[in-house]
Amino acid sequence: MQPNYQVFGDDEQMGESIDRIKRHGVDEDNIYILSHDNDHVRRAKRQTDANKIGVSETGLGTATKNIFRGKDDKLISKMKEIGFEQSTAKELHKELEKGKTLLVVTNEEDVKF
């Protein structure tokens with residue numbers, strides 16, 4: 001199952017969306033934030049209690065490979081590991097390059113962002 005996602009250009013709107021989906025019963029362990037800027041992900045993660053995509057999601061093999069990959073390839077690899085198809089991951093990466101943030105919800109059928 002491909003994850004549900006929404007691209008945000010505004011952190012306040014993203015925070016409101018995270019609060020809304022949590023109120024509707026989505027477990028915070030299934031909520032992830034992805035951005036081209038690692039500092040932005042850390043700040044957003046602290047403010048919203050969302051997760052970043054790490055070793056527990058990608059597995060040790062991919063995490064090790066990501067050490068040697070460039071930032072663009074790492075982001076695409078992380079998206080693929082949580083269920084995105086290659087073509088979708090590449091399209092979403094283009095949005096991340098524009099400074100936007102990706103909010104991802106896994107293991108849920110229907111999510112209202």
Side-chain angles (χ1 to χ4, degrees):
M1 166 174 40
Q2 183 158 302
N4 294 286
Y5 66 90
Q6 181 72 38
V7 177
F8 288 90
D10 180 283
D11 285 351
E12 187 174 324
Q13 288 178 345
M14 183 181 66
E16 291 169 1
S17 183
I18 290 171
D19 289 342
R20 185 171 34 259
I21 60 179
K22 282 182 181 178
R23 281 193 309 270
H24 285 101
V26 174
D27 189 311
E28 66 184 37
D29 289 342
N30 296 328
I31 302 171
Y32 298 91
I33 297 173
L34 199 62
S35 172
H36 218 274
D37 178 2
N38 288 333
D39 290 332
H40 182 231
V41 171
R42 280 188 216 101
R43 287 189 310 272
K45 184 178 172 281
R46 278 193 299 264
Q47 293 172 350
T48 63
D49 291 326
N51 300 295
K52 66 178 188 169
I53 300 169
V55 176
S56 60
E57 290 78 27
T58 64
L60 186 58
T62 299
T64 302
K65 290 176 188 175
N66 280 346
I67 293 170
F68 302 103
R69 290 179 173 147
K71 182 178 275 193
D72 297 340
D73 291 334
K74 281 182 193 179
L75 290 169
I76 291 170
S77 171
K78 287 179 178 184
M79 285 186 263
K80 287 174 47 182
E81 286 293 327
I82 63 168
F84 286 104
E85 295 178 7
Q86 175 82 15
S87 58
T88 305
K90 285 184 175 183
E91 287 301 312
L92 290 171
H93 180 260
K94 290 177 186 177
E95 293 299 311
L96 299 179
E97 286 181 316
K98 297 175 188 174
K100 296 184 179 179
T101 305
L102 179 64
L103 174 60
V104 180
V105 176
T106 60
N107 302 321
E108 296 288 332
E109 287 293 322
D110 188 31
V111 177
K112 304 277 191 261
F113 290 94

Salt bridge or not between E97 and K94? Use side-chain N to carboxylate O under 4.0 Å.
no

Contacts of type side-chain hydrogen bond (donor to acceptor under 3.5 Å, both in side chains), residue E95, not counting sequence neighbours
K98, K100

Does anything in residues 7-30 pair up under ring-ring contact (aromatic ring centres under 6.0 Å, His included), and if so which pairs, sequence neighbours excluded?
none

What are the two closest heavy atoms between L96 and L34, and how far apart are they?
CD2-O, 3.4 Å

Shortest non-hydrogen contact between D10 and Q13, atoms and distance
OD1-N, 2.7 Å

To the nearest 0.5 Å, tell me how far I21 CD1 sits from E28 CD.
10.5 Å

For N107, all residues meeting side-chain contact (heavy atoms from CB on, under 4.5 Å), sequence neighbours excluded:
N30

Start with the C-alpha gap between D29 and T106, add the side-chain angles, then the distance that decides, and say whether side chain to side chain contact (heavy atoms under 4.5 Å, CB included) holds.
CA-CA 9 Å; D29 289 342; T106 60; over 6 Å; no

Sorted by chain and number, sequence neighbours left out, side-chain contact (heavy atoms from CB on, under 4.5 Å) with E16 holds for E12

Residues in side-chain hydrogen bond (donor to acceptor under 3.5 Å, both in side chains) contact with D110, at least two apart in sequence or another chain:
K112

So, do M79 and L102 sit near enough that their side-chain heavy atoms are less than 4.5 Å apart?
yes

Reported NZ-to-CG distance for the pair K78 and D73, which is rounded to 0.5 angstrom
12.5 Å

Minimum heavy-atom distance between P3 and I82, given as atom pair plus value:
CG-O, 3.2 Å

Residues that K90 engages under side-chain hydrogen bond (donor to acceptor under 3.5 Å, both in side chains), provided they are two or more places apart
none

Hey, could you give me the CD1/NE2 distance between I76 and H93, rounded to the nearest 0.5 Å?
5.0 Å

Kindly indicate whether the side chain of V26, heavy atoms from C-beta on, has any atom under 4.5 Å from the side chain of I31.
yes

Taking side chain as C-beta onward, heavy atoms only, is Y32 less than 4.5 Å from L103?
no

Heavy-atom side-chain proximity of I33 to M14 below 4.5 angstrom:
yes

Is it the case that the side chain of S35 and the backbone of T101 share a donor-acceptor pair, with hydrogens and angles ignored and the cut-off at 3.5 Å?
no

If the condition is side-chain contact (heavy atoms from CB on, under 4.5 Å), which residues does Q2 pass it with, not counting sequence neighbours?
Y5, F84, E85, T88

